[in-house]
Structures are given as C-alpha cells and as structure tokens.
Amino acid sequence: MPRTIRKIAINTGGGDAPGLNAVLRSVTLSAIERGIEVWGIKHGYRGLLEDEPGGLVRLDRDAVRGIMHLGGTILGTANRGDPFHYPTHEGDKIVPKDRSAELVERFHREGFDALVAVGGDGSMRIANALLERGLPLVVGVPKTIDNDVYGTELTFGFDTAVSIATEAIDRLHSTTEAHERVMVVEVMGRHTGWIALRSGIAGGADAILVPEAPFSYEPIVEKVMQREARGRRFSIIVAAEGACPKGGDVTVRDAGDAFRRVAVLGGVAERVAKEIGARTGKETRSMVLGHLQRGGGPTTFDRLLALRFGAGAVRFLVQGCESGMVALRCHRVELIPLSETAGRTKTVDLDCDTVTTAREMGICFGDEPPGHFAKEGAASS
Ligand code: F6P
C-alpha cells in the first residue's frame, strides 16, 4: 500500500566512500519529484543531538546541484557519533552517553516521517537499534569501500577503491622491477579482503593476503624465490590491512576508545616486508595506500549504483514497505530487513571463482601447503 511521506531526514555516517554525494542527490531529487521535503543531518547524528546552527540543512535542488561526481559528503560524517555511546561533556570530562531517546524525541519533534541512513555495517546496526528505540521508519543505504556489508552484493565506493588500488599496483611494478625488490602494498579491508583480492588480481600481484585466509610466511617466500629462479627478480604482495599470520593477530595502530569502539588497523605491510626481507635476503619495501582509496570522486559504476540506491530508498518508502536496507541482488535494487544485515559481515568466500582464478594463475595466498610453489617452479623450468 502506498503511504504518504511528507518530510524525510538523511545522514551519512562512518568512514566516507566515493558516491555519498550521488546518493544525497538522488534521494533529494526523487523525493522532491514526489513533493517530499528532504533535510540533511550534519555529521552523522550530530546535527540532531547538538544544538548547533545548521545542524539540520534543507536539501533542495540547489543544494544537490553539481555534487554527483564529488568525493566526500556535503553533510560531513562521523565515526565517533554513535548515539548510544555519544561523546558528551560531563564537568571537565567527555564521557560516552546513551542519547538515543533524545535523538528519537527530536526526530519526532522535527516532524520527520523517515530516516535514510547512509553508512556501513556500524551505521546499519545503529539504524536498526534506533528503529527499535522508536524511529518511525528507516531505510539504510549501504556504503563502504570495503564492500563488507552483509546482504548486498556490492556497496558503492568499492569499485572506486579497487580502481585506485589497481592503478597504484600498476605503477609500483616499474619501480619494484627496476630495483629488483619485493614490495608489500597495504590496502584497506578491516575484516575482509575484497579490495586486496580484486586489485591484487587486476594489478598482477604475486601474492594476496586477506583476513579470510590467515597466512604463513613459507609459501610467500617460496613464491618470491620461485620467481627469482625464473629470472623475475621482483615480487609484489598486496595485503589487506586486516590480514594476519596463522595463529597471530591483526596489526593494530590504535586500539580505539569508548567512543570509537573499533581498533584502527595498519602496519601489516611493514610487518610482512620485514619478515620476507629477512627470509629471502631481498631488499623489501612497504607502502600503505590508506585514505587515498577513499578520496576523490566515484567511478561511473559507483556513481550509478549510488544513484540507484538513493532513488530506491525513496521508492520503497513511498511504496509503503517496512524499514530495511537497499541492497543489490542479481543486478536489482531490493529492500532487505535491517535485522538481516545488522551485526553481520560479508566476507570473501575462499572457494569463489575469483579466488580460484587467482590460485589457477599461481597467485599465492599464503595458505598453500609447504612446497607448493617451489615444486611448481621446478617443474616448469
Ligand atoms: O570501513 C572503511 C575503512 O576504510 C576501513 O577499511 C578502515 O579500517 C577504516 O575505514 C579507516 O577509517 P578511518 O581512518 O577514517 O577511521
């Protein structure tokens, strides 16, 4: 049954991803076409919780003109703005406080009929919890360069990040070969190896390390030495930031705190480079691509996916659907229950066709049995 929606709020939360502005544009335009008012909440939920001028901004045609191709988000974002653990001044201290009831109350007071929450897995979990707290209607729009949101085949931002990482790996080839080095490139991917896998294959890496396959150093060393024996005196290893050695831990740069309750990862490339250098005797270098992967505008693919997700969110709202998250499934934008995605992670299936392709091409994942690459090298020489 179609329902009447008069006023919706939209926010962008968590780490940014190329395509956020395209979502803001398509939500706004497709809502305005139906006579619906759109308001942006600045910096995640901050615009609703803080008494700041401009915390809520009216999104009209002018506000979303010329932004589709731009990176970042015109609303700003936050990764320390969970309303259930919101940084709040208490005397001279800042403490985490549950401000969800206040948020829900302000939402109703402003007359919003629904929230479009654009974010990653954390944002979907928060959106689901706010719904249970009393928000009337929520449609989540999944974004993240990591592509790890459960329930959707793809998130926007991912294609852009893979393209940037692939180009970087392409560029690293010439310098790594010129110096006959081993280069370890660290890409983003906290819990999953989607960026490492796709950019690694497309960029012609010799080894790809992903969180889903804890690695041993032996096969990586074998792979490097096998190439050496064939006269390929350089190797490129792509590691997801969340990759970890078998029986070991992820490499943590910052443990997080009461407001940002997830650790900041980083440094695995340096760790791997040191070990591979010591074991092969080859000069090794590491580099971290970091936030470059999130910067700048979206690819055409991401732009289009973001536009489709945004328009889909408004369409589902006016069609009278329950709260949920828009998701790409078999090339179609569908709505799935928030409870299906909240708290879950979409990991790389090690039996998938892409991993198989990589293995069939001799790319090392660090989980091969001892002698795997050495034997293969001997047979082919
Ligand atoms: O979730 C996306 C992501 O890019 C992760 O891969 C990375 O660990 C994290 O964001 C880093 O975010 P920030 O440095 O902005 O806190």
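- At a threshold of 4.0 Å, the pair Arg106-Glu102 does not count as salt-bridged, since none of the basic side-chain nitrogens sits closer than that to a carboxylate oxygen.
- Atom CZ of Arg171 sits in a sparse spot, with 12 or fewer heavy atoms from other residues, nucleotides or ligands closer than 6.0 Å.
- Cluster annotation: Ile145 is connected to Ile208 through the hydrophobic network of ILVMFWY side chains, with a link wherever side-chain heavy atoms come within less than 4.5 Å.
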Item to complete: Show the numbers, then the answer: is there a salt bridge (charged side-chain N to carboxylate O under 4.0 Å, His left out) between Glu33 and Arg61?
Response: CA-CA 10 Å; Glu33 287 295 323; Arg61 288 185 195 276; 3.1 Å; yes
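- A salt bridge links Asp257 with Arg80: the closest approach of a Lys/Arg side-chain nitrogen to an acidic carboxylate oxygen falls below 4.0 angstrom.
- Atom NZ of Lys246 has more than 12 neighbouring heavy atoms from other residues, nucleotides or ligands inside a 6.0 Å radius.
- In plain terms, the two heavy atoms of Cys321 and Leu335 that are nearest each other are CB-CD2, 3.5 Å.
- Between Arg359 and Glu368, at least one side-chain nitrogen of the basic residue sits less than 4.0 Å from a carboxylate oxygen of the acidic one, meeting the salt-bridge criterion.
- A continuous path of hydrophobic side-chain contacts links Leu24 to Leu305 [ILVMFWY only; heavy atoms under 4.5 Å].
- Ile32 and Val27 are members of different hydrophobic clusters when ILVMFWY side chains are connected at heavy-atom separations under 4.5 Å.
- Side-chain atoms of Arg344 and Tyr150 form a donor-acceptor pair, as typed in the model, at a separation below 3.5 Å.
- Closest approach of Ile195 and Ala161 over heavy atoms only: CD1-CB, 3.9 Å.
- With hydrogens and angles disregarded, no donor-acceptor distance shorter than 3.5 Å links the side chain of Thr152 to the backbone of Ala327.
- Counting non-hydrogen atoms of neighbouring residues, nucleotides and ligands closer than 6.0 angstrom, the CZ atom of Arg332 reaches no more than 12 such neighbours.
- Using bins of under 30°, 30° to 60° and over 60° for the plane-to-plane angle, the ring pair Phe107/Phe112 lands in the tilted bin.
- Side-chain contact check for Arg181 and Thr176: no donor-acceptor pair (N or O, by modelled atom type) lies under 3.5 Å.
- In this structure the side chain of Leu209 reaches within 4.5 angstrom of the side chain of Val272, judged on heavy atoms.
- Summarising the local packing, CZ of Arg6 is surrounded by 12 or fewer heavy atoms from other residues, nucleotides or ligands at distances under 6.0 Å.
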* To do: Quick one: do Glu228 and Arg230 satisfy salt bridge (charged side-chain N to carboxylate O under 4.0 Å, His left out)? Show the steps, please.
  => CA-CA 5 Å; Glu228 196 80 2; Arg230 287 181 184 154; over 6 Å; no
message: side-chain contact (heavy atoms from CB on, under 4.5 Å), that's the test. Do Lys346 and Trp194 meet it? Break it down for me.
response: CA-CA 10 Å; Lys346 182 185 68 193; Trp194 292 105; 4.0 Å; yes
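- Leu75 and Leu20 fall within the same hydrophobic cluster, defined by Ile, Leu, Val, Met, Phe, Trp and Tyr side-chain heavy atoms under 4.5 Å apart, directly or through other members.
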Quick one, Asp16 with Thr73, criterion side chain to side chain donor-acceptor pair (under 3.5 Å). Give me CA distance, side-chain angles, the key distance, then yes/no. CA-CA 7 Å; Asp16 69 328; Thr73 156; over 6 Å; no
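- Within 6.0 Å of CD on Glu340 lie more than 12 heavy atoms contributed by other residues, nucleotides or ligands.
- Ile36 and Leu135 fall into different hydrophobic clusters, defined by Ile, Leu, Val, Met, Phe, Trp and Tyr side-chain heavy atoms under 4.5 Å apart, directly or through other members.
- Tyr86 and Glu50 are linked by a side-chain donor-acceptor pair at a separation below 3.5 angstrom, with hydrogens and angles left out of the test.
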#### Entry: Derivation and outcome, side-chain contact (heavy atoms from CB on, under 4.5 Å), residues Met188 and Asp146
CA-CA 7 Å; Met188 281 188 171; Asp146 288 1; 3.9 Å; yes
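- Ile67 and Asn21 get closest at one heavy-atom pair: O-CB, 3.2 Å.
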Pair His173, Ile169 - check side-chain contact (heavy atoms from CB on, under 4.5 Å), show working. CA-CA 6 Å; His173 264 83; Ile169 299 164; 4.1 Å; yes
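- Side-chain contact check for Thr299 and Asp159: at least one donor-acceptor pair (N or O, by modelled atom type) lies under 3.5 Å.
- With hydrogens and angles ignored, the 3.5 Å screen pairs a side-chain donor or acceptor of His108 with a backbone N or O of Gly134.
- Across all their heavy atoms, Ala240 and Gly193 have their closest contact at CB-CA, 4.3 Å.
- No side-chain donor-acceptor contact under 3.5 Å links Glu241 to the backbone of Gly266.
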Could you walk me through whether Lys143 and Asp302 pass salt bridge (charged side-chain N to carboxylate O under 4.0 Å, His left out), step by step? CA-CA 10 Å; Lys143 66 86 229 202; Asp302 277 340; over 6 Å; no
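- In this structure, Phe309 and Leu154 approach most closely via the heavy-atom pair CZ-O, 3.8 Å.
- Heavy-atom minimum distance, Met124 versus Ala342: O-CB, 4.3 Å.
- Between Glu222 and Arg227 no salt bridge is recorded (no basic side-chain N to carboxylate O distance below 4.0 Å).
- Between Glu180 and Lys282, none of the side-chain N atoms (NZ, or NE/NH1/NH2) sits under 4.0 Å from a carboxylate O, so this pair counts as no salt bridge.
- Between Phe158 and Phe156, a ring centre-to-centre spacing not shorter than 6.0 Å is recorded.
- In this structure, Arg99 fails the cation-pi test against Phe84, since its NZ or CZ atom is not both closer than 6.0 Å to the six-membered ring centre and inside 45 degrees of the ring normal.
- Enclosure of atom CD in Glu322 is not indicated, since only 12 or fewer non-hydrogen atoms of other residues, nucleotides or ligands lie within 6.0 angstrom.
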Worked check of side-chain contact (heavy atoms from CB on, under 4.5 Å) between Val238 and Ser199: CA-CA 8 Å; Val238 176; Ser199 64; 4.3 Å; yes
